[in-house]
Amino acid sequence: MTMDLFEDALPPPWHEQIAPGAVVLHGFVRDHGPELLAAVNSVVAQVPWRHMITPGGYRMSVAMSWCGNGWTSDNRGYRYSDRDTRTGKPWPPIPEILMALADEAAVQAGFGHYVPDSCLMNRYDPGSKLSLHQDKDENDFGAPIVSVSLGLPAVFQFGGLQRGDRARRVPLAHGDVVVWGGPSRLNYHGILPVKEGYHSLVGPHRINITLRKAL
DNA sequence: GAGTCGCT
DNA sequence: TAGG
């Protein structure tokens with residue numbers, strides 16, 4: 001019954017192609033904020049927001065939580081894990097609504113049905129950013145990345161396969177979903193510093209949810 | 001030898 | 001914004 005939760009969220013057109021294999025589904029989940037936030041909160045209750053340290057020793061401005069396979073960054077580099085190595089317990093499962101969202105967004109973007117195994121959540125407070133980087137620590141580059149924006153708006157940067165490639169700037173609002181894969185799966189991307197503001201549902205934050213196949 | 005989701 |  002979750003199959004068509006999002007398909008008719010808005011009539012077309014929402015598609016904006018920003019590169020070969022990269023699509024913005026504007027407003028795709030605009031009407032599902034409360035349920036999505038509830039899913040985020042249920043995960044955060046089990047995996048509290050944390051600021052990861054980059055291999056270079058710097059604290060990331062973005063706070064992270066996750067479910068499914070989790071992501072770690074430390075002085076040894078980046079990696080995914082299926083469980084919390086400190087407790088030995090698996091990370092919480094990905095909520096059904098997020099699995100449904102990922103599947104429907106991937107279908108809409110032309111990638112076909114999708115079963116991700118990792119869901120990373122980023123909380124951007126005003127001033128938080130994520131500079132240009134690649135998602136390349138996953139095992140399956142055949143699977144797309146599905147990225148959901150909630151709360152405060154932000155400017156998404158979407159570049160090419162080379163770090164120096166000129167990045168396109170794409171404004172993202174609450175409810176937008178970006179899907180990239182295929183030829184652009186390894187493209188550099190990032191988020192410019194989030195401006196202060198207040199969203200009636202989310203408060204003074206931007207929350208980003210990404211779904212991927214990591215292991 | 002890369003790195004390099006941050007920094008200058 | 002390019003790049004060590």
Side-chain angles (χ1 to χ4, degrees), chain A residues 18-19 21-22 24 40 43-44 47-82 84-85 91 94 98 102 116-172 176-196 202 205-215:
Chain A
I18 58 174
V24 182
V40 169
V43 169
V44 170
V47 182
W49 294 118
R50 57 197 68 188
H51 290 269
M52 307 303 290
I53 303 298
T54 66
Y58 295 95
R59 188 186 109 121
M60 292 175 66
S61 60
V62 166
M64 302 189 66
S65 176
W66 49 73
C67 50
N69 291 307
W71 185 78
T72 307
S73 171
D74 59 23
N75 54 349
R76 308 202 310 267
Y78 308 126
R79 60 200 174 277
Y80 286 93
S81 65
D82 64 346
D84 185 342
T85 50
W91 302 112
I94 302 174
L98 298 181
D117 67 12
S118 173
C119 176
L120 307 186
M121 303 176 177
N122 294 332
R123 193 195 72 214
Y124 295 77
D125 300 328
S128 294
K129 64 181 171 61
L130 210 48
S131 48
L132 231 42
H133 68 279
Q134 292 175 294
D135 287 12
K136 61 173 183 184
D137 299 291
E138 300 76 20
N139 285 336
D140 188 354
F141 296 145
I145 303 284
V146 174
S147 172
V148 185
S149 294
L150 297 174
L152 293 179
V155 178
F156 182 56
Q157 296 185 109
F158 199 79
L161 291 171
Q162 310 284 339
R163 176 169 230 206
D165 291 347
R166 247 263 179 6
R168 183 161 169 194
R169 297 180 170 201
V170 183
L172 255 26
D176 290 350
V177 177
V178 186
V179 184
W180 68 95
S184 63
R185 171 62 181 77
L186 264 358
N187 281 27
Y188 277 86
H189 57 280
I191 288 285
L192 263 26
V194 169
K195 292 199 186 118
E196 44 205 297
V202 180
H205 313 289
R206 170 175 188 265
I207 289 181
N208 176 71
I209 305 168
T210 59
L211 295 130
R212 60 196 62 212
K213 209 170 265 190
L215 296 178

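Below, read A as the first sequence line, B as the second, and so on, with proteins coming before strands; counting in each chain starts at 1.
The residue from A/Leu215, A/Asp137, A/Thr72 that alone fulfils the side-chain contact (heavy atoms from CB on, under 4.5 Å) condition with A/Arg79 is A/Thr72.
Taking 4.5 Å as the limit, some side-chain heavy atom of A/Arg50 sits within range of a side-chain heavy atom of A/Trp66. Contact annotation: the side chain of A/Arg206 approaches that of A/Leu172 to within less than 4.5 Å [non-hydrogen atoms, C-beta and beyond]. Side-chain contact between A/Asp125 and A/His205: present, with at least one pair of heavy atoms (C-beta onward) separated by less than 4.5 Å. Inter-residue side-chain proximity for A/Val177 and A/Val146 is flagged as met; some heavy-atom pair is nearer than 4.5 Å. In this structure the side chain of A/Asp74 never reaches within 4.5 angstrom of the side chain of A/Ile53, judged on heavy atoms. Looking only at side-chain heavy atoms (C-beta outward), A/Ser73 and A/Pro55 come within less than 4.5 Å of each other.
Ring geometry for A/Trp180 versus A/Phe156: interplanar angle of 30 to 60°, hence tilted.
In this structure, A/Arg169 reaches the sugar-phosphate backbone alone: every heavy-atom distance under 4.0 Å involves primed, P, OP1 or OP2 atoms, never a base. Counting non-hydrogen atoms under 4.0 angstrom, A/Asn75 reaches nothing in the nucleic acid. Across all strands, A/Gly56 comes closer than 4.0 Å to no nucleic acid atom at all (heavy-atom distances). The residue A/Ser131 sits close to a base: some heavy atom pair falls under 4.0 Å. Using a 4.0 Å heavy-atom cutoff across all strands shown, A/Arg166 reaches sugar-phosphate atoms only and no base atom.
Look at CG on A/Asp165: it is 16 Å from C1' on B/dT4, rounded to the nearest Å. At whole-Å resolution of the value, OH in A/Tyr58 and C1' in B/dG3 are 14 Å apart. Across the protein-nucleic acid pair, A/Leu186 atom CG and B/dT4 atom C1' stand 15 Å apart, rounded to whole Å. A straight line from NZ of A/Lys136 to P of B/dT4 spans 9 Å, rounded to a whole angstrom. Residue A/Arg76 contributes atom CZ, which lies 18 Å from atom P of B/dG3 at whole-angstrom precision. At whole-Å resolution of the value, NE2 in A/His51 and C1' in B/dG6 are 15 Å apart. When the P atom of B/dG3 is taken as reference, atom OH of A/Tyr188 falls 8 Å away, rounded to whole Å. Distance, A/Leu130 CG to B/dT4 P: 14 Å, rounded to whole Å.
A/Arg212 and A/Thr210 share a side-chain donor-acceptor pair at under 3.5 Å.
Where DNA chain C meets chain A (any atom under 4.0 Å from a heavy atom), the bounding nucleotides read 5' to 3' are C/dT1 to C/dG4.
Two residues, A/Arg163 and A/Gln157, neighbour DNA chain C, and the one matched to the more 5' nucleotide by heavy-atom proximity is A/Gln157.
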Bracket notation of DNA chain B in which parentheses pair within the strand, [ ] cross earlier pairs, and | pairs with another strand (Watson-Crick or G-U, under 3.5 Å): ......||
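Closest non-hydrogen pair, A/Asp176 versus A/Pro171, comes out as OD2-O, 4.2 Å.
Rounded to the nearest Å, the gap between the P atom of B/dT4 and that of C/dT1 is 23 Å. The separation of B/dA2 from B/dG6, taken at their P atoms, amounts to 23 Å, rounded to a whole angstrom.
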